[in-house]
Each structure stands twice: as C-alpha cells, then as structure tokens.
Amino acid sequence: MEKQKVRFEFVTFTGERQEVEGMTGETVMQVAYDNGVEGVAAECGGSMSCGTCHVFLDEASFDRIDAPSEGEVDMLDIVASERRPTSRLSCQIKLEENFAGAKVMIPELQY
C-alpha cells in the first residue's frame, strides 16, 4: 500500500497552532518530533512506558480512529495533566487517511 500524506494540526495549551504533515504509518508522536512541536516530551521514545506524549484529540477525530488499547488506557491513568474523554498517547496513534484535519491539543504539563 502506498503511503499517503496526512495533514493535521497541533494546538498548544496557550492556543498556538502548528499545521504539520506526516505519512500514513507514522505516529503522531513521530510527526511532533520531526516538526519540532514543543510539549510532546515522549521521554520513553514511544514504548508506552512514561505517558509524556499525552494529548487531547478533538471529538470527531477521536471517534474516527481505533480505540486505545488496554495498556494505553492504563498508562493514561498516570499522566500529569488532567485526563479527558479524548485523551490519547500520541505514540499510539498511527496516522491513517481518516486522521486528516485532526486537532491535537497539547496539555500544559507532561511531568
């Protein structure tokens, strides 16, 4: 399957917006790192063992993607910022075409 470009937007807790582009199969965390997005610490490098890549998705995007795994749900219990109904670990969101246009909000704290 040919990889496709997926455009979406990061929004900081102060409201600053940064539109980015990744390729299908990459994770939201990888795209944040590749584009110098601040606030996605990702201390464990994507191994789902630290919770420092916590983000909030807009409801429509959250509903369009696969549900979080049981392990991700458990890890979300220990994140530093408040957990919301649309909380996800950005290392666990693989880009698919249906993620285009998503808004990924970065919480104020990751530690």
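Keep in mind it's a predicted model, so treat the numbers as computed, not measured.
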Problem set entry | Working for side chain to side chain contact (heavy atoms under 4.5 Å, CB included), residues L57 and I93 | CA-CA 11 Å; L57 299 180; I93 305 169; 4.0 Å; yes

For this session: Apply side chain to side chain contact (heavy atoms under 4.5 Å, CB included) to the pair E19 and N35, showing each step before the final yes or no.
Result: CA-CA 9 Å; E19 193 170 297; N35 286 277; over 6 Å; no

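For E26, the salt bridge (Lys or Arg N to Asp or Glu O under 4.0 Å) criterion is met by no residue, not counting sequence neighbours. Partners of S49 under the side-chain hydrogen bond (donor to acceptor under 3.5 Å, both in side chains) rule, at least two apart in sequence or in another chain, are S47. With sequence neighbours excluded, the residues that form a salt bridge (Lys or Arg N to Asp or Glu O under 4.0 Å) with K5 are E21. The side-chain hydrogen bond (donor to acceptor under 3.5 Å, both in side chains) test applied to T12 returns T14, not counting sequence neighbours.
The cluster map of Ile, Leu, Val, Met, Phe, Trp and Tyr, joined by side-chain heavy atoms under 4.5 Å apart, puts M105 and F10 in different clusters. Side-chain heavy atoms closer than 4.5 Å link hydrophobic residues (I, L, V, M, F, W, Y) into clusters, and following such links, possibly through other members, connects V20 to V6. No path of Ile, Leu, Val, Met, Phe, Trp and Tyr side chains, each step under 4.5 Å between heavy atoms, connects I106 with F56, placing them in separate hydrophobic clusters.
Checking each of C91, P107, C53 against V40 for a side chain to side chain contact (heavy atoms under 4.5 Å, CB included) leaves exactly one that passes, namely C53.
Applying the ring-ring contact (aromatic ring centres under 6.0 Å, His included) rule to pairs touching residues 77-111 yields F8-F99, sequence neighbours excluded. Counting only residues at least two apart or in different chains, salt bridge (charged side-chain N to carboxylate O under 4.0 Å, His left out) contacts with residues 28-49 are absent. For residues 59-85, the set of pairs meeting the ring-ring contact (aromatic ring centres under 6.0 Å, His included) definition, not counting sequence neighbours, is empty. Residue pairs meeting the salt bridge (charged side-chain N to carboxylate O under 4.0 Å, His left out) criterion with at least one member in residues 59-72, sequence neighbours excluded: E72-R88. For residues 92-111, the salt bridge (charged side-chain N to carboxylate O under 4.0 Å, His left out) pairs, not counting sequence neighbours, are E9-K103. A ring-ring contact (aromatic ring centres under 6.0 Å, His included) check over residues 13-45, counting only residues at least two apart or in different chains, returns nothing.
Residue V79 is found in a hydrophobic cluster whose other members, listed by chain and number, are M48, M75, L76, I78, L89; membership requires side-chain heavy atoms under 4.5 Å apart, directly or through intermediates. Residue M23 shares its hydrophobic cluster (ILVMFWY side chains chained together at separations under 4.5 Å) with no other residue.
Side chain of T86 to backbone of D58: no donor-acceptor contact under 3.5 angstrom is found. Side-chain atoms of S81 come within 3.5 Å of backbone atoms of L109 as a donor-acceptor pair (strictly under, hydrogens ignored).
Residues R17 and V11 approach most closely at NH1-CG2, 3.5 Å, considering heavy atoms.
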